[in-house]
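Notes to accompany the following structure.
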Amino acid sequence: MLIDIRDLSKHYLLGRVDVAALNGVTLSIRRGEYVAIMGPSGSGKSTLMNIIGCLDVPTAGTYLLNDHDVSRMSDDELAAIRNREIGFVFQTFNLLPRADALHNAELPLIYKGVPRAERRRIAETTLRKVGLGDRMHHKPNELSGGQRQRVAIARALVNNPSLILADEPTGNLDTKTGAEIMELFDTLHKAGNTIILVTHEEEIARYSQRIIRLRDGNIVSDAAVTREAAP
Amino acid sequence: MIRHAFALVGEYAAMAWHSIVAHKLRSFLTTLGIFIGVTTIITIWTTIQGLNSYITNTLGDISSSVVYVEKFPWVISNDFWKYRNRKNITWREYQTIRAQSRLAKTVTPQVMAQRVISHKEKKLEGVAVLGTTETFMAISSVFPESGRFFTAPEVRGKHNVCVLGAELSRSLFDEETPLGKRVRIGDRRYTVIGVLEKQGEFFGQSRDNFAIVPIGTFRNVFGMHRGLQIAVQAADAGQLDDLKEELRGILRRERKVAPGKEDDFAINQQDQLTDLYEKTTSTLYAIIIVIAGISLLVGGIGITNIMLVSVTERTREIGLRKAVGARRRNIMSQFLMESVTVAVLGGMVGILPGVLVGQMILSVMTVEGGVPFSAIALGFLFSALTGIVSGFYPAWKAARMNPIDALRYA
Ligand SMILES: Nc1ncnc2c1ncn2[C@@H]1O[C@H](COP(=O)(O)OP(=O)(O)OP(=O)(O)O)[C@@H](O)[C@H]1O
Ligand SMILES: [Mg+2]
């Protein structure tokens, strides 16, 4: 099992009010799965993604990633896990504005300690794989939204992570560009990557194999996507 | 791990450079404090080094086994007025010392005047004329470069001979040899028997513009009652204190100083100048420390401030870097490198005017040599230190950021 989550809770204290963003979530995800997380706004999707991505730690419960308990790790240990095991794709791309596509894509490799020449080589190969072979030296403001998200996907891939996490990756893109990005995720999944994505849109969720629905910090349904029903 | 840390230094430097280039004006203004600090430090440091080399030269000229009997002490620390009514050191006192001192090896009287000196059409006003005896050579650090100094018989016989300083000789004779020629000092003529070697300049003043004549001749021509300075050389350098005591005794008796009253003369020696010099340099060092401290503070606060702005502006960048695997020390190093780079750049810009001003001071002091490397190293070190100290808090703040909050920062 790649991800094994048991009774996971996350509480925020807002003044004197205790907000339960996650309320005892239990969930397993196997290597190679393609999962979509859905639910209304405020239901805890991002909170769950952040914990799965080791950006945050739960208030209670356990989280085993690759059989390692990451629910009680220190800041720097989590950073190392994120660096090796996880690739993030954000709704707002989060690229370094003054760096070109190549430098943005190689960023995780810097913190892995990969020598410069090898770093460049890996980043170039990955950018070609996401269809940006001819945009290596463009800055983010010289790229379209879809191209920016491709750079971000390349950045998520360079470390060869166990897991790719995408929180509303098409949220800032038009329908056509969004579909292109989803085709790219499809290709990555077929190549063996494990992908978890958060989305509001049913059409987007249908690209996955399995949809988990959240409401008020609880899982309300967890079901395989029936291919026949897909458009 | 350590190899990684070193490999990343280049990355941090590149990040720092890009950030600085992206904010040129801001970076420049930030470094003004450091710039001024480094300029001042290099200037003062160079001055100290220049003084050092001058003082070792000059103090080297004053033999440490000689004491000087004079009317005034060299270093007057308190009330000047109490020295004002002192009697001159007299010829009689010189003879008494020579007759009575048993610890002295040589006793050399010296007396000064300013006179017009001329040769043919060349005429120089207000040249220093020194009257002394043949033992002057025993305590002097300059020797005849050509010809010779006068002898005991010439002193006793009050011959009209003179020895010229290098600069005076050049002014009167150019390239001609002055030996055997006659110069007019005041209204008498003297035969030149020697020219001394060159001593060079200090603060633009030549130290070679003088003539020396036998003291007997001097007294006959320029008057008997001028005050003397008497240089007494110890037979044994280890007995300098005993010699001073002996001289005090002789002089107090001779000048009839009542017991319990202060000496009405001074016995000077090289130590006094060394002490004064050490006091002066420690003042300069204190000034350096104060200025360094103030600019460290001013420049440092500027850097801290701008780094805090930079950290806040780049909150999302920090969040992203952490999300893709940067540890606290990576973020810390990145921002420390940036503040050190800004500070060192400012410092390097400050080195140039520092070296120029330092060079000017050295040439005014007429001290040979350039700005010492230590001054540049000091300026460099000082700015790097400011960069580390002032960048520490912003870097720490950046390193501690929570990646989720940082990524969400608008
Ligand atoms: N840092 C925080 N401090 C306090 N409350 C928080 C914090 N982060 C999230 N929450 C709360 O936790 C709940 C879940 O938030 P979360 O961001 O996971 O929702 P979401 O499902 O991603 O919503 P959306 O679809 O709008 O992105 C919300 O009620 C939110 O207000
Ligand atoms: Mg969300």
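Lettering of chains follows the sequences in order, A, B, ..., and the numbering in each one begins at 1. Atom set for the values below is all heavy atoms of this structure, side chains included, hydrogens, waters and symmetry mates excluded. Every value quoted in this text rests on a predicted model; they were computed, and no experiment measured them.
More than 12 heavy atoms of other residues, nucleotides or ligands sit less than 6.0 Å from atom CG of Asn402(B). Other residues, nucleotides and ligands contribute over 12 non-hydrogen atoms within 6.0 Å of the CZ atom of Arg128(A).
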Would you please test Phe88(A) and Leu320(B) for side chain to side chain contact (heavy atoms under 4.5 Å, CB included) and show each step? CA-CA 9 Å; Phe88(A) 289 100; Leu320(B) 188 263; over 6 Å; no
Side chain to side chain contact (heavy atoms under 4.5 Å, CB included) assessment of Arg119(A) paired with Glu11(B): CA-CA 12 Å; Arg119(A) 224 158 62 201; Glu11(B) 302 303 328; 2.6 Å; yes
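Considering every non-hydrogen atom in both Pro403(B) and Leu55(A), the closest pair reads CB-CD2, 3.7 Å. Closest of all the heavy-atom pairs between Ala79(A) and Ala326(B) is CB-O, 3.6 Å. The two residues Tyr111(A) and Gly325(B) make their nearest non-hydrogen contact at CB-O, 3.8 Å.
Using a cutoff of 4.0 Å between basic side-chain nitrogens and carboxylate oxygens, Arg327(B) and Glu77(A) are not scored as salt-bridged.
Side-chain contact of Arg98(A) with Ser19(B): a donor-acceptor pair under 3.5 Å is absent, judged by distance alone.
Contacts between Arg328(B) and chain A at a heavy-atom distance below 4.5 Å involve backbone atoms as well as side-chain atoms. Heavy-atom distances place both the backbone and the side chain of Arg321(B) under 4.5 Å from chain A. Interface residue Asp75(A): only side-chain heavy atoms are found under 4.5 Å from chain B. Arg155(A) touches chain B through its side chain: at least one heavy atom from C-beta onward sits under 4.5 Å away, while N, CA, C and O do not.
Under the 3.5 Å distance criterion, the side-chain polar atoms of Arg316(B) are left unmatched by any main-chain donor or acceptor of Asn94(A). Checking side-chain atoms of Asn83(A) against main-chain N and O of Val324(B) turns up a donor-acceptor pair under 3.5 Å.
Between His18(B) atom NE2 and Leu96(A) atom CG the span is 11.5 Å, to the nearest 0.5 Å. Atoms CD1 and OG1, from Ile404(B) and Thr47(A) in turn, are 8.0 Å apart once rounded to the nearest 0.5 Å. From Asn330(B), atom CG reaches atom CG of Asp76(A) across 8.0 Å, with rounding to the nearest 0.5 Å.
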